[in-house]
Enquirer: 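Supplied in structure tokens, the structure appears directly below.
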Amino acid sequence: MKSLAELQAIREKMKNTMSMRDEDASGIRVVVGMATCGIAAGARPVLNEFAKLVQEKGLSDRVKVSQTGCIGLCQYEPIVEVFEPGREKVTYIKMDAQKAAEVVERHLEAGHVVEKYTMAKSGLK
Amino acid sequence: MTEISLNVLDVAENSTRAGASLVTILVDVDTAADTLTVTIRDDGCGMTPEQVSRVTDPFFTTRTTRKVGLGVPFFKMAAEATGGSFSITSAVGEGTDVKAVFGLSSIDRMPLGDISTTIQNLIIYHPESDFLYRYTYDGRSFTLDTRELREILGGIPLDTPEVAQYIMEYLTENKSETDGGAVI
């Protein structure tokens with residue numbers, strides 16, 4: 001059985017670096033819809049892909065991945081909203097893990113909205 | 001929903017939205033009794049008797065973004081389709097208790113699925129709630145209590161990448177040792 005003792009070691013390692021990880025108000029927020037509709041449509045792999053890649057690519061300091069409930073557009077789930085200070089909110093619809101990886105690379109890293117997956121592009125309002 | 005664990009993710013979400021400070025999730029596999037029992041208990045705001053009586057009605061919800069509430073009805077249907085049972089009790093100001101019993105060997109039972117990821121997701125995306133998770137397989141069990149984790153971690157948040165990874169490893173390794181890697 002894995003024990004809690006290992007957690008003590010993580011604490012020792014982390015306690016000196018924590019002050020640098022304070023939330024950055026100017027950061028990007030990636031919000032994944034995780035209500036019944038989102039989960040049933042496959043939101044969990046999308047959420048986990050975003051979380052994994054943001055961590056792997058070292059974007060954690062400026063990108064925060066979180067989840068929300070139903071925003072009332074259930075037929076377009078999984079829905080991902082990207083909030084970036086000074087820019088209009090971008091809503092990606094019918095996402096999957098592969099599309100999430102593309103959004104991380106092109107939008108979160110390079111700053112270009114992946115138009116083809118947005119709600120605006122699909123003509124839906 | 002394709003997995004029981006996704007139902008757990010969804011229904012436990014209601015507990016966090018109800019302002020629960022502690023959400024207890026018990027998954028108990030009993031091969032002799034041929035049951036898989038899931039209990040989700042919280043100390044959130046609870047429901048009135050009228051709300052409880054309507055909560056399994058798909059066309060009832062307290063939400064305002066849409067007119068249907070499918071989470072609990074899906075969970076109930078999934079359990080009852082296996083010859084199992086479903087119950088929900090609640091009291092305003094005290095909390096809610098949801099229990100679903102599945103027929104373990106029923107051909108209509110959906111797989112348990114990735115319960116470890118479900119629990120990890122709940123923990124790291126709901127820092128305002130504590131979670132007590134216990135997984136039991138034929139009497140053997142392990143527990144993860146975020147109150148214990150917080151005590152050890154001091155002020156280090158549970159969603160710190162190193163901690164989140166530790167939680168995932170704790171859940172997967174201990175589950176596999178508890179059930180011997182059984183496919184459920």
Side-chain angles (χ1 to χ4, degrees), chain A residues 1-23 30-61 63-75 77 79, chain B residues 1-3 5-7 9-11 13-14 16-17 58 61 63-75 113-114 117-118 120-122 124-127 142 144-145 148-149 151-157 159-174 176-178:
Chain A
M1 289 277 181
K2 200 170 174 69
S3 77
L4 294 174
E6 289 173 48
L7 204 55
Q8 186 71 40
I10 293 176
R11 181 198 171 165
E12 294 307 316
K13 203 177 81 182
M14 296 301 300
K15 67 182 178 190
N16 298 325
T17 59
M18 284 315 295
S19 55
M20 298 189 298
R21 283 194 72 257
D22 284 343
E23 290 296 307
V30 176
V31 181
V32 182
M34 291 286 287
T36 309
C37 46
I39 294 170
R44 185 166 75 175
V46 174
L47 176 73
N48 287 328
E49 188 73 3
F50 271 110
K52 186 185 86 175
L53 292 177
V54 163
Q55 163 66 8
E56 276 178 11
K57 291 171 181 280
L59 304 172
S60 320
D61 288 342
V63 180
K64 170 112 178 129
V65 181
S66 62
Q67 63 175 60
T68 187
C70 173
I71 59 167
L73 297 164
C74 311
Q75 63 272 46
E77 294 281 1
I79 295 175
Chain B
M1 296 285 176
T2 50
E3 296 177 2
S5 80
L6 291 176
N7 285 274
L9 183 63
D10 188 24
V11 174
E13 191 76 36
N14 299 340
T16 62
R17 216 169 48 239
T61 180
R63 299 183 62 94
T64 52
T65 47
R66 44 164 164 68
K67 292 189 170 64
V68 293
L70 297 176
V72 171
F74 275 166
F75 198 28
D114 194 349
T117 298
T118 285
Q120 195 244 20
N121 279 175
L122 284 167
I124 66 173
Y125 292 109
H126 298 92
F142 81 92
L144 180 69
D145 186 339
E148 281 178 18
L149 303 190
E151 203 170 308
I152 294 172
L153 286 167
I156 299 171
D159 63 354
T160 307
E162 289 81 353
V163 178
Q165 192 186 337
Y166 166 84
I167 293 172
M168 194 63 218
E169 287 167 7
Y170 183 96
L171 290 165
T172 47
E173 284 180 28
N174 289 356
S176 144
E177 280 191 38
T178 301

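Treat the numbers as computed from the prediction; the structure is a model and nothing was measured. Within every chain, numbering begins at 1; the chains are lettered A, B, ... in the order of the sequence lines, protein sequences first and strands thereafter.
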Enquirer: Between Y125(B) and A51(A), which heavy-atom pair has the shortest distance, and what is it?
Expert: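 So the minimum-distance heavy-atom pair works out to OH-CB, 3.3 Å.
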Enquirer: By salt bridge (charged side-chain N to carboxylate O under 4.0 Å, His left out), which residues pair with E151(B), not counting sequence neighbours?
Expert: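 Applying salt bridge (charged side-chain N to carboxylate O under 4.0 Å, His left out) to E151(B) gives none.
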Enquirer: Side chain, backbone, both or neither: which part of N7(B) has a heavy atom under 4.5 Å from chain A?
Expert: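 Neither part.
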Enquirer: If you round to the nearest 0.5 Å, how far is OG1 of T36(A) from CG of D10(B)?
Expert: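 D10(B) atom CG to T36(A) atom OG1 measures 3.0 Å (nearest 0.5 Å).
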Enquirer: Could you grab the distance from atom CD1 of I39(A) to atom CG of L6(B), nearest 0.5 Å is fine?
Expert: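 Nearest 0.5 Å value for the CD1-CG distance: 6.5 Å.
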Enquirer: Can you say whether S176(B) sits under 4.5 Å from chain A via the side chain, the backbone, both, or neither, judging by heavy atoms?
Expert: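 Contact with chain A involves no heavy atom of S176(B) at all.
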Enquirer: Measure Q55(A) against the heavy atoms of chain B and call it side chain, backbone, both or neither at under 4.5 Å.
Expert: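 The side chain, not the backbone.
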Enquirer: Examine distances only and state if a side-chain atom of R11(A) and a backbone atom of I156(B) form a donor-acceptor pair shorter than 3.5 Å.
Expert: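 No: the side chain of R11(A) does not pair with the backbone of I156(B).
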Enquirer: Rounded to the nearest 0.5 Å, what separates atom CD in Q67(A) from atom CD1 in I124(B)?
Expert: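 Here the rounded value is 9.0 Å.
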Enquirer: If I measure from the heavy atoms of chain A, does L171(B) come under 4.5 Å with its side chain, its backbone, both, or neither?
Expert: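 It is neither, since no heavy atom gets under 4.5 Å.
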Enquirer: Does L4(A) reach the side chain of Y166(B), with side-chain heavy atoms less than 4.5 Å apart?
Expert: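 The answer is yes; the side chains approach within 4.5 Å.
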Enquirer: Check whether T117(B) gets within reach of chain A through its side chain, its backbone, both or neither, counting any heavy atom under 4.5 Å.
Expert: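 It is both, since atoms from each part get that close.
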Enquirer: Restricting to side-chain hydrogen bond (donor to acceptor under 3.5 Å, both in side chains), what partner residues turn up for E148(B), sequence neighbours left out?
Expert: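 E148(B) satisfies side-chain hydrogen bond (donor to acceptor under 3.5 Å, both in side chains) with no residue once adjacent residues are dropped.
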Enquirer: Under the rule for side-chain hydrogen bond (donor to acceptor under 3.5 Å, both in side chains), what residues qualify as partners of Q165(B), not counting sequence neighbours?
Expert: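 So Q165(B) forms a side-chain hydrogen bond (donor to acceptor under 3.5 Å, both in side chains) with E169(B).
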Enquirer: Report the option among M1(B), E3(B), E13(B), H126(B) that has the most heavy-atom pairs separated by less than 4.5 Å from atoms of chain A.
Expert: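 With the most close heavy-atom pairs to chain A, the winner is M1(B).
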Enquirer: Find the distance between CG (L7(A)) and CD1 (I152(B)) and round it off to the nearest 0.5 Å.
Expert: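 Nearest 0.5 Å value for the CG-CD1 distance: 5.0 Å.
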Enquirer: How close do Y170(B) and K2(A) get, heavy atom to heavy atom, and via which atoms?
Expert: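 What the structure gives for the nearest pair is CE1-O, 3.2 Å.
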Enquirer: To the nearest 0.5 Å, what is the distance between CG (N174(B)) and OG (S3(A))?
Expert: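 Separation between the atoms: 9.0 Å.
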Enquirer: Would you say M1(A) and T178(B) make side-chain contact, with heavy atoms under 4.5 Å?
Expert: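 M1(A) reaches T178(B) side chain to side chain.
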Enquirer: So which bits of residues 41-49 of chain A come within less than 4.5 Å of chain B, counting non-hydrogen atoms only?
Expert: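 Residues of residues 41-49 of chain A touching chain B at under 4.5 Å: R44(A), L47(A), N48(A).
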